[in-house]
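One structure is given below, encoded as structure tokens.
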Amino acid sequence: MDFEKIYADYFLVVYKYILSLCRNEKIAEDVTQETFFKALKNVDKFKGECKLEVWLCQIAKNHYFTQQKIKNL
């Protein structure tokens with residue numbers, strides 16, 4: 001899998017998705033960067049059972065809500 005191409009193709013999709021959840025550009029950028037870092041580390045776990053875009057957005061959503069939960073403790 002060409003991860004540079006994945007990053008180039010899906011960065012904006014993930015960023016806009018998280019921005020729609022948090023309405024904060026800095027947070028959206030940080031979560032998006034972390035999403036691709038996590039995806040790179042776990043790309044072998046992607047089985048193709050859903051679109052790559054969906055998988056990346058799921059990682060992003062989980063990371064965002066986990067961060068918000070920690071922040072609100």
Side-chain angles (χ1 to χ4, degrees):
M1 218 180 256
D2 181 0
F3 208 78
E4 285 182 32
K5 180 165 175 32
I6 292 169
Y7 184 85
D9 289 349
Y10 294 103
F11 180 89
L12 231 107
V13 171
V14 174
Y15 174 79
K16 287 181 178 181
Y17 173 66
I18 293 301
L19 186 59
S20 75
L21 292 176
C22 69
R23 305 281 186 221
N24 181 304
E25 292 177 0
K26 176 70 172 128
I27 291 172
E29 187 175 318
D30 290 346
V31 169
T32 302
Q33 291 292 339
E34 186 62 28
T35 296
F36 282 95
F37 177 70
K38 287 182 176 194
L40 179 60
K41 285 180 22 183
N42 294 292
V43 72
D44 57 314
K45 295 180 183 175
F46 179 68
K47 304 295 183 200
E49 296 172 356
C50 64
K51 292 180 180 181
L52 188 56
E53 175 181 339
V54 172
W55 183 67
L56 292 168
C57 286
Q58 187 68 33
I59 294 169
K61 182 184 77 170
N62 289 343
H63 180 70
Y64 171 68
F65 283 118
T66 298
Q67 292 301 103
Q68 291 306 300
K69 184 187 266 187
I70 291 169
K71 183 178 165 184
N72 292 326
L73 287 178

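Starting from 1, each residue takes its place in the sequence as its number.
At a threshold of 4.5 Å between side-chain heavy atoms, the hydrophobic network of Ile, Leu, Val, Met, Phe, Trp and Tyr places Y10 and F3 in one connected group. The hydrophobic cluster containing V31 also contains F65, counting ILVMFWY residues as joined when their side-chain heavy atoms lie under 4.5 angstrom apart, directly or transitively. Residues V14 and L40 share a single hydrophobic cluster, defined by chaining ILVMFWY side chains whose heavy atoms lie under 4.5 Å apart.
For Y17 against S20, the heavy-atom pair with the smallest separation is O-OG, 2.5 Å. Of all non-hydrogen atoms in A39 and L56, the two that sit nearest each other are CB-CD2, 3.6 Å.
Atoms NZ and OG1, on K71 and T66 in that order, are 14.0 Å from each other to the nearest 0.5 Å. Taking CZ of F37 as the start and CD1 of I59 as the end, the distance is 12.0 Å to the nearest 0.5 Å. A distance of 14.5 Å separates NZ of K16 from CG of L21, quoted to the nearest 0.5 Å. From N72, atom CG reaches atom CD of Q67 across 11.0 Å, with rounding to the nearest 0.5 Å. Between the CD atom of E29 and the CD atom of E34 there is a distance of 13.0 Å, given to the nearest 0.5 Å.
Residues passing the side chain to side chain contact (heavy atoms under 4.5 Å, CB included) test with C22, sequence neighbours excluded: I18, N24, I27, A28, Y64. By the side chain to side chain contact (heavy atoms under 4.5 Å, CB included) test, Y7 pairs with F11, Q33, F36, sequence neighbours left out. Qualifying side chain to side chain contact (heavy atoms under 4.5 Å, CB included) partners for Q58, counting only residues two or more places apart in sequence or in other chains: K61, N62.
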Derivation of the side chain to side chain contact (heavy atoms under 4.5 Å, CB included) call for E25 and Y15: CA-CA 9 Å; E25 292 177 0; Y15 174 79; 3.5 Å; yes
Quick one: do D2 and I6 satisfy side chain to side chain contact (heavy atoms under 4.5 Å, CB included)? Show the steps, please. CA-CA 6 Å; D2 181 0; I6 292 169; 5.9 Å; no
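Proximity of E49 to W55: side-chain heavy atoms (C-beta onward) are nowhere separated by under 4.5 Å.
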